[in-house]
Every structure is written in structure tokens, then in C-alpha cells.
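See structure below.
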Amino acid sequence: MKVNDRVTVRTDGGPRRPGKILAVEGFNEGTMYLVALEDYPLGIWFFNETGHHDGIFVEPAADSA
């Protein structure tokens, strides 16, 4: 995934939320995504942990494939 990709994010409870990637930062343990959401247009950081499905919070939006 890269900047400007449409994604959905998992948050505490409730359905996945749509957003757009504003920035991407890679780390040894995974990748941080700054995602603009309706409630947070300036972006909020989400971490996708490498190799752990429970640690994946950002996924490509179904309509972006």
C-alpha cells in the first residue's frame, strides 16, 4: 500500500472505517500508516505488524483492488 491508496482500518469495536493513506513509514516489526479518516482528516497512525494477522489494522479498500 502507498500514499493516496484508499483503505479501511480496524478500530476498537464497530465496523471497519474507510480512509486514505497520507504517509507510510517502514520499521523492522511492520509498517506505520498515517490514514485520514472522516473524524480525523489530518490523519491518525495505525501500525501493521509483520506476520501477525491480529496485528493488521490497515487493509486495501475493496473498491481499490
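When a residue number appears, it is its place in the shown sequence, counting from 1. Basis for what follows: all heavy atoms, side chains included, without hydrogens, waters or symmetry-related copies.
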Discussion item. Would the distance check show the side chain of Arg16 and the main-chain N or O of Phe57 forming a donor-acceptor pair, the cut-off being under 3.5 Å?
Written reply: yes
Legend entry - Hphob cluster co-occupancy, Leu37 + Val58, side-chain heavy atoms under 4.5 angstrom: yes
Interatomic distance, OG1@Thr31 vs CG@Asn48, rounded to 0.5 Å, equals 6.5 Å
Any link between Val24 and Tyr40 through a network of hydrophobic side chains (Ile, Leu, Val, Met, Phe, Trp, Tyr) touching at under 4.5 Å? yes
Between the CD atom in Glu29 and the OG1 atom in Thr50, the distance rounded to the nearest 0.5 Å is 8.0 Å
In terms of heavy-atom contacts, Ala36 and Pro41 come closest through CB-O, 3.5 Å
Asp63 and Arg6 have their tightest heavy-atom pair at OD2-NH2, 3.0 Å
| Are Phe46 and Leu34 linked, directly or through other ILVMFWY residues, by side chains that come within less than 4.5 angstrom of each other? | no
Glu38/Arg17 salt bridge by N-O under 4.0 Å criterion: no
Is any NZ, NE, NH1 or NH2 atom of the basic residue among Lys20 and Asp5 found under 4.0 Å from an Asp or Glu carboxylate oxygen of the other?
no
If you group Ile, Leu, Val, Met, Phe, Trp and Tyr by side-chain heavy-atom gaps below 4.5 Å, do Phe27 and Val35 land in one group? no
Is there a path of hydrophobic side-chain contacts, each under 4.5 Å between heavy atoms of I, L, V, M, F, W or Y residues, that connects Ile44 with Met1? yes
